[in-house]
Number of protein chains: 2
Amino acid sequence: MPITLLIAEDQRLFRQSLRLLLDHEPDLSVIGEATDGREAFDCAMKLKPDLILMDVDMPKLDGVMATKLIRTCLPEMKVLMLSVHDEDTRIIAAVQAGAVGYILKDADHTEFLRIIRATYRGQTVLSPFMPDRFARGAVAAITHAQKVEESRLSGLTEREKEILAYAAAGRGNKDIADQLCVSVDTVKTHLHHIYQKLAVTGRVEAILAYLQES
Amino acid sequence: MPITLLIAEDQRLFRQSLRLLLDHEPDLSVIGEATDGREAFDCAMKLKPDLILMDVDMPKLDGVMATKLIRTCLPEMKVLMLSVHDEDTRIIAAVQAGAVGYILKDADHTEFLRIIRATYRGQTVLSPFMPDRFARGAVAAITHAQKVEESRLSGLTEREKEILAYAAAGRGNKDIADQLCVSVDTVKTHLHHIYQKLAVTGRVEAILAYLQES
DNA sequence: CCCTGCCTCACCCATTCGGTGTAGTCAGAT
DNA sequence: ATCTGACTACACCGAATGGGTGAGGCAGGG
């Protein structure tokens, strides 16, 4: 069975040509496309691809935030960041958020495919086009991110973390309820528990805590 | 007149001894202390010190977030970050958020004082105890942060940015109104304008936009 | 078997929030 | 002198949110 991929990229042309390139490979299968961070989150939750190709620059939620949300609910999900700028400091933040690698958009396509397959096999790949000082900063970020696991979020159940991630994506209770196919009251109950566990007074504070502790 | 300082540090003992050290210097004057990020934000707005010594690790809002909020309202405010860990990747994020320098907590106290004065004079100081690869990453972050000025927040008035910063700090409308000594309705009006300008549907989305675009 | 934790749903009530409209003041620009 | 934009404030309404309480189903461990 082929490697299933999700493409999250807001530029239509680039996204589509990327899909063409990837679908051309027999061992790769693009099972979904998202045009913004929120969609990326939704699709990831529903499709559970093997690997996500995530652009850094996207509307609504940027790639870093989306990665953070996805990894909260699916800690094993592999996210490969795409960036145009070779000095985008957000890629370091992205790696901290759980991305397992990144590629510059001007990478060679064979190199690109190689990195995708290597990432799928579990390797953490740094694009060879990345400036040295950035690579080192990113490596430090990776090792740093690895050892961090004891956060306030640990006390939350899986379901609660999921609800919180949706809330942090900017969705209302009704919205979350529809997405998860439960009643609004259930969402409220979960949030109520979350507020208690995080010792916060409301929605915004909980989201802030989430963004900091992840 | 002495350099006015604000100390934002949650550990009481460290904060107080720091204050002793600083008050001992005739040209330095600690005019306020904060024990968490939110307090730091409030104090900065009210006291407008020459320089803020901001710990990275703090409850409610961490130093990075607090710096971001403060710099939104007071773009010229000088913030000096303090960190225990010499490999804390958040200091890079802090620099991006507007911090003009950082010091490791195990720095020598004469070195510490030297950095404070140098920072006050407008220099961007990197602690000599900082590992090389981090210093370079931070320098890159600084140059990167400098050239970024065109964000969606530009369209907001000063007052609106201020209101949004308070909201992003997790405060409710009533709370914001009290802090700024205006009515709740005024706060709501501002927020309404903010939602329109940012093209978002509500509070949480506006805060997310703010956190991304700053 | 029983207890516990988790997920689910419901109901009530007070508060807050969002949307809309109206309007006064003030400063700066034309 | 007029206009524009910013800041302020108020009113009204519907929707959303938060807090509290209670409760049923269900799986896993003791």
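First the proteins, then the strands, lettered A, B, ... as listed; each starts at 1. Atom set for the values below is all heavy atoms of this structure, side chains included, hydrogens, waters and symmetry mates excluded.
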Which atoms of nucleotides 11-17 of chain D (N or O only) lie under 3.5 Å from a protein N or O atom, and what are those distances?
unit_1	atom_1	unit_2	atom_2	d
dT17(D)	OP1	Asn173(A)	N	3.3
dT17(D)	OP2	Asn173(A)	N	3.2

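Computed from coordinates, the His190(B) NE2 to dG19(C) P distance equals 16 Å when rounded to whole Å. Straight-line distance from the NE2 atom of His192(A) to the P atom of dC9(C): 17 Å, rounded to whole Å. Note: CG (Asp178(B)) to P (dA9(D)) measures 12 Å, nearest angstrom. Look at CG on Leu191(B): it is 9 Å from C1' on dC17(C), rounded to the nearest Å. Separating the NZ atom of Lys161(A) from the P atom of dC7(C) is a distance of 11 Å, rounded to the nearest angstrom. Rounded to an integer number of Å, the gap from CG of Leu180(B) to P of dC7(D) is 12 Å. Straight-line distance from the CD atom of Glu158(A) to the P atom of dG5(C): 17 Å, rounded to whole Å.
Side-chain nitrogen and oxygen atoms of Thr201(B) include none within less than 4.0 Å of the OP1 or OP2 phosphate oxygen of dG18(C). For dA9(D), one of the phosphate oxygens OP1 or OP2 lies less than 4.0 angstrom from a side-chain nitrogen or oxygen of Thr186(B).
Looking only at side-chain heavy atoms (C-beta outward), Leu18(B) and Val30(B) stay at 4.5 Å or farther from each other. Within the 4.5 Å cutoff, the side chain of Leu51(B) has heavy atoms near those of the Thr119(B) side chain. Here the side chains of Glu162(A) and Met45(A) are in contact, with some heavy-atom distance below 4.5 Å.
Using a 4.0 Å heavy-atom cutoff across all strands shown, Ser183(B) reaches sugar-phosphate atoms only and no base atom. Counting non-hydrogen atoms under 4.0 angstrom, His193(A) reaches nothing in the nucleic acid.
Using a 4.0 Å cut-off between a side-chain N of Lys or Arg and a carboxylate O of Asp or Glu, Lys174(A) and Asp178(A) qualify as a salt bridge. A salt bridge links Arg117(A) and Asp27(A); the closest N-O separation between the charged side-chain nitrogens and carboxylate oxygens is under 4.0 Å.
For the salt bridge (Lys or Arg N to Asp or Glu O under 4.0 Å) criterion with Glu205(A), the lone passing option out of Arg171(B), Lys60(B), Arg38(B) is Arg38(B).
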